[in-house]
Amino acid sequence: MSKRQYKLPDNFYIGAAASAWQTEGWDGKEEGQDSYMDLWYKSTPELWHNGYGPTVATDFYNRYKEDVQLMKKSGLHSYRTSIDWSRFIINYETAEVSEVAAEYYDNLIDELIANGIEPMLCLEHYELPAELFTKYGGWGSKHVVDLYTKYVEEAFKRYSHKVKQWYTFNEPIVVQTRVFLDSIRYPFKQDTQTAMQWNYNKILATAKAVKVYKEGGYNKDGGKIGVILNPDVCYPRSTAKHDVEAAEKFDLFFNRIFLDPSIKGEIPAELFEILKEHNCCFEYTEEELEIIKDNTIDILGVNLYAPTRVKAKNLAWNPNTPFHPEYFYDKHELQGRKMNPFRGWEIYPKLMYDFAMRVKNEYGNIEWFIAENGMGVENEHKYKNEEGIIQDDYRIEFISDHLRWLIKGIEEGSNCTGYMLWAFTDNVSPQNAFKNRYGLVEINLEDNRNRKMKKSGYWYKELSEKRTFEFDDFNFEYK
């Protein structure tokens with residue numbers, strides 16, 4: 001089978017992403033500086049794979065200089081991470097900054113820039129301070145929105161002269177969906193109204209952060225502010241009206257709920273109607289809606305991994321069950337789909353193109369980029385060669401296949417400017433810990449968390465330098 005060569009578009013960057021809580025570890029934190037993720041781990045460590053959590057993580061806090069050299073060796077143009085709000089601030093009410101933490105982030109930013117890697121900073125990647133979760137109910141509180149606004153201004157003051165890309169949240173829909181909608185994460189509560197209040201308050205927090213950033217002049221010299229969302233590219237089972245409507249409802253609750261206000265400045269009217277009908281609407285004011293309308297983002301980050309497929313609901317909703325968006329749909333599994341058996345996710349690279357066209361046609365062709373995409377694989381040590389290098393051809397294929405569909409979208413006019421792989425190194429994930437590995441670089445847990453480049457890391461470097469790659473339609477056997 002012949003291979004086709006693909007070329008990265010001009011001015012298109014490649015990079016990798018991670019978060020503070022998944023890499024830094026607890027070194028340098030003072031008592032009372034736990035994040036929500038730290039609280040979750042301390043409360044139920046037995047639920048985390050093999051007991052690993054964020055205690056040491058990848059020890060990035062102490063080894064960032066070593067890791068930046070590996071980033072350079074992997075050909076990264078950009079690196080996205082987060083500021084850990086719980087580490088950066090020592091008095092959450094007054095937004096007093098920890099000078100120890102501020103110096104660490106300063107040094108990290110300088111190290112990246114000195115090595116030709118652009119730093120991109122996210123302001124909340126599940127690092128809500130645990131104190132604000134237990135004292136105020138986290139993002140259910142508008143007081144927490146105000147405290148977040150104080151915090152982000154301190155971050156802008158410190159670093160906006162060096163960092164030109166800022167993101168208010170990573171995947172703002174996730175925590176409340178897992179905790180309060182589906183009740184599968186700590187503290188395992190089911191409260192749909194609380195989940196929706198968290199959604200709304202994060203929408204408001206993004207708008208307020210945008211307002212602070214622009215009114216404070218922190219966007220001078222080309223600075224941009226956006227949000228990183230994880231839209232579920234949703235496909236109906238069929239073209240039948242009932243299946244299409246099911247997909248539209250899913251899209252409303254899990255995609256448009258953040259896409260529309262972030263880019264268009266408006267929460268969909270249909271969402272208000274449904275939530276009020278089912279007695280779980282969030283509290284809001286007209287003044288807040290004006291803030292959301294007047295403070296939309298400059299750039300959109302998008303995390304895309306796998307498609308979602310739905311069909312019309314077959315059974316009547318249980319009247320004793322609190323309202324859930326699944327009132328409108330059932331999940332659908334496509335027969336014959338290609339799978340990542342380790343993560344249990346469908347592999348469908350065309351979602352890149354489909355979302356690219358959606359941004360172009362429905363959202364004003366705003367500048368956007370892939371903020372996360374990657375493939376988690378368990379027991380990667382099985383694929384080591386004689387030199388001990390993981391031969392992760394499956395990851396190279398996965399990236400190539402997704403990139404070629406993304407390039408097709410760009411060629412047809414979508415304003416996508418970059419691709420960030422999740423992740424740079426293997427890192428701890430919520431509850432799955434180090435079970436599924438995503439990195440270009442291996443983290444050896446049995447050997448002091450030492451690092452070793454995988455085959456994909458060397459390939460990524462070549463992609464960065466040559467800006468071309470080859471791909472054909474062979475089917476890699478996932479075992």
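All heavy atoms count here, side chains included; hydrogens, waters and symmetry mates do not.
The aromatic rings of Tyr186 and Phe188 stand perpendicular to each other, their planes meeting at an angle above 60°, with 30° marking the opposite boundary. Between Trp85 and Tyr151, the angle of the ring planes stays under 30°, which puts this pair in the parallel group of the 30/60° scheme. In this structure, Tyr13 and Phe369 have tilted ring planes: the angle between them lies in the 30° to 60° band.
Aromatic ring centres of Tyr36 and Trp21 lie farther apart than the 6.0 Å criterion allows. The distance between the ring centers of Phe258 and Phe169 does not fall below 6.0 angstrom. For Trp166 and Tyr218, the ring centers sit 6.0 Å or farther from each other. A ring-centre distance under 6.0 Å is found for Tyr104 and Tyr61.
Contact annotation: the side chain of Thr194 never approaches that of Gln176 to less than 4.5 Å [non-hydrogen atoms, C-beta and beyond]. Contact annotation: the side chain of Val175 never approaches that of Trp40 to less than 4.5 Å [non-hydrogen atoms, C-beta and beyond]. Annotation: side chain of Arg309 is in contact with side chain of Pro307 (closest heavy-atom distance under 4.5 Å).
Lys7 NZ: more than 12 foreign heavy atoms inside a 6.0 Å radius. The neighbour count for Glu46 CD, taken as heavy atoms of other residues, nucleotides or ligands under 6.0 Å away, is above 12.
With Tyr148 as reference, Thr168 is the one residue of Leu204, Thr168, Leu132, Thr206 to meet the side-chain contact (heavy atoms from CB on, under 4.5 Å) rule.
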**Request:** Check the pair Glu171, Arg178 against salt bridge (Lys or Arg N to Asp or Glu O under 4.0 Å), reporting the backbone distance first and the verdict last.
**Result:** CA-CA 12 Å; Glu171 300 182 346; Arg178 304 290 187 266; over 6 Å; no

**Item:** ring pair (Phe, Tyr, Trp, His ring centres under 6.0 Å) evaluation trace for Tyr363 with Trp368
**Value:** CA-CA 10 Å; Tyr363 290 99; Trp368 69 288; over 10 Å; no

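The two residues Arg185 and Val174 make their nearest non-hydrogen contact at NH1-CG1, 3.8 Å.
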